Amino acid sequence: MIYLDNAASTPVHEKVIEEMLPYFREQYGNPSSIHRHGRLANIAIQNARKRIAELINANSNEILITSGGTESNNTAIYGIASQSKGRHIITSSIEHDAILEPCKRLERDGYRITFLPVDKYGFVNLEDLKKEISDDTCLITIMYANNEVGTIQPIKEISKIAREKNVVFHTDAVQAVGKIPIDVKELGVDLLSISSHKINGPKGIGALYVKKGVKISPLMLGGGQERGLRSGTENVASIAGFGMACKLANDDMSENAIHCKKLTTKLTSRVLAEIPFTTLNGHPDMRIPNNTHFTFLGVSGEDLIIKLDENKISASTGSACSVKIQKASHVLKAMGFSHEQVTGSLRLTVGITNTEKEIDETVEVLKKVVQELRSVSPYKSKYNF
Ligand SMILES: Cc1ncc(COP(=O)(O)O)c(C=O)c1O
């Protein structure tokens, strides 16, 4: 089996599993309890919080632990909107559904939402952003790296614009954290979302960085855990695992990035050279190191995924998180792609466990299956395949 869908999720690192096991077996106390079992669980959370903070150069008390990227994004949006006077939010048209859907709900509730357009690479235009900010704007939320095409936005510049206009700035950094160096102090962002399962940690756990002094309202009320910002007994084992995943991502970041870049460079150059009528989508350089995203004209990305799966290769068209319902990618449409280009797209994302041999095998399979699909394609005569 070859797994090339690391943007959807990653294998849990062996050291992460080891870190988690004691919290199922011996250290099962409730972290809010005063006794020794409780204290040990609480210490585990504080250690993990420190590791999460270190990955993005935050302070421990700026880390709010959540159930993952989706909850972090929802908390950022509702948490700011519900306690701000302003009723206007600016986002981009290529965000993950975990941003778009809460924004759309707020729109139904009477908020004004601006969905900024993007160019052919997936970049928002900073002049467009500046023009849209008004006295009523309470939040700007723009993703760090796109989950489909991997394009990295100029987050530092966007953050500066937001700060100058006194608007809270959130970034969904789920696909960027652990892949490229992120320093929240240097960026000056107010809120930043992280997800554990994208960095070889367990699923269902993540964090929202909340800059000191930024006030948000909680989504969940109850026992007052997480300084009142997220009630509910903490998922200690997953938090400990997430902490270890952050430590490993931090320790090995440049080594992992070099490894992933080597694989994606090889994959890209071989695919473009050996399979005609194929393009690489997203920006050629300003992209996260583990992402490739192609359009193979004349084939359907879904058919391609099925064929790859038959050959024991796991890939994606790009919108894996809105599972099962295969809708045309809103990201590619916003980038100005034609129906044919959107249909023929395929995302291959590598991770720390992939090898060069796997990349070579994948290219060979791709050459074969693309040719097979093109031989029965309705576009056959158009391109003379
Ligand atoms: C950019 C982005 N934001 C948010 C999420 C949701 O994160 P989670 O699966 O942890 O809820 C994902 C998941 O793919 C993502 O890629």
Side-chain angles (χ1 to χ4, degrees), residues 3-12 16 52 55-56 63-78 91-104 115 118 122 124 141-153 155 158 170-180 182 189 191-209 219-220 230 235 238-239 241-243 245-246 249 282 287-293 314-327 329-332 334-335 347-351:
Y3 184 74
L4 291 176
D5 200 11
N6 287 270
S9 201
T10 53
V12 179
V16 169
I52 301 163
L55 179 57
I56 55 169
I63 298 297
L64 167 61
I65 296 171
T66 67
S67 65
T70 301
E71 187 188 324
S72 297
N73 288 347
N74 275 263
T75 305
I77 293 170
Y78 292 122
T91 186
S92 84
S93 46
I94 60 161
E95 299 292 314
H96 189 273
D97 282 341
I99 292 287
L100 294 177
E101 291 303 319
C103 283
K104 285 179 194 164
F115 298 93
V118 294
V124 293
T141 172
I142 308 277
M143 72 198 321
Y144 208 123
N146 183 262
N147 48 299
E148 294 191 28
V149 295
T151 301
I152 300 171
Q153 301 290 341
I155 292 301
I158 297 174
H170 165 252
T171 183
D172 172 355
V174 163
Q175 293 289 345
V177 167
K179 312 285 185 333
I180 53 174
I182 291 183
V189 298
L191 302 152
L192 180 142
S193 299
I194 314 176
S195 174
S196 153
H197 72 107
K198 312 288 183 179
I199 55 166
N200 307 99
K203 294 172 183 58
I205 199 83
L208 178 67
Y209 159 76
L219 291 185
M220 222 116 62
R230 186 185 191 261
N235 184 349
S238 292
I239 294 171
F242 177 29
C246 287
R287 65 193 303 138
I288 39 174
N290 65 324
N291 171 290
T292 63
H293 189 285
S314 296
S316 150
T317 54
S319 42
C321 295
S322 45
V323 252
K324 307 269 161 33
I325 329 149
Q326 284 287 349
K327 47 177 191 171
S329 159
H330 66 280
V331 174
L332 299 182
M335 287 163 64
R347 180 183 72 181
L348 298 169
T349 46
V350 304

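Keep in mind that the numbers below use all heavy atoms, side chains included, and drop hydrogens, waters and symmetry copies. Start at 1 and go down the list; that is how both ligands and their atoms are numbered. Note that the structure is predicted; figures quoted are calculated from it, not measured.
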What atoms of ligand 1 come closer than 4.0 angstrom to any heavy atom of [X]?
| X | answer |
| --- | --- |
| Gly68 | 10 (O) |
| Gly69 | 7 (O), 8 (P), 10 (O), 11 (O) |
| Ser195 | 8 (P), 10 (O) |
| His197 | 8 (P), 9 (O), 10 (O) |

Please report whether ligand 1 has a polar contact with [X], defined as an N or O pair separated by less than 3.5 Å (distance criterion only).
| X | result |
| --- | --- |
| Ser67 | no |
| Asn147 | no |
| Val174 | no |

Can you tell me how far the [atom1] atom of [X] sits from the [atom2] atom of [Y], to the nearest 0.5 Å?
| X | Y | atom1 | atom2 | value |
| --- | --- | --- | --- | --- |
| Gln175 | Glu148 | CD | CD | 10.0 Å |
| His293 | Ser316 | NE2 | OG | 7.5 Å |
| Phe115 | Leu100 | CZ | CG | 6.0 Å |
| Ser72 | Ile205 | OG | CD1 | 9.5 Å |

Ligand 1 contacted by Glu95 (non-hydrogen, < 4.0 Å):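 Heavy atoms of Glu95 never come under 4.0 Å of ligand 1.
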Ligand 1 contact on Lys203 by region, counting heavy-atom pairs under 4.0 Å: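 For Lys203, no heavy atom sits under 4.0 Å from ligand 1.
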Location of contacts on Thr70 toward ligand 1, heavy atoms closer than 4.0 Å: both
The one among Asp172, Ile205, Asp97, Ile94 that brings a heavy atom closest to atom 4 (C) of ligand 1: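 The option holding the nearest heavy atom is Asp172.
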Contact summary for Asn146 and Ile94, nearest pair of heavy atoms: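 Nearest heavy atoms, Asn146 then Ile94: ND2-O, 3.0 Å.
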Nearest non-hydrogen partners of Arg230 and Ile65, listed with the distance: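 Looking at all heavy atoms of both residues, the shortest contact is CD-O, 3.1 Å.
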Residues Thr141 and Glu95: side-chain donor-acceptor under 3.5 angstrom: no
Donor-acceptor pair between Asn73 and Ser193 side chains, under 3.5 angstrom: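 The criterion, which ignores hydrogens and geometry beyond distance, is satisfied for Ser193 and Asn73.
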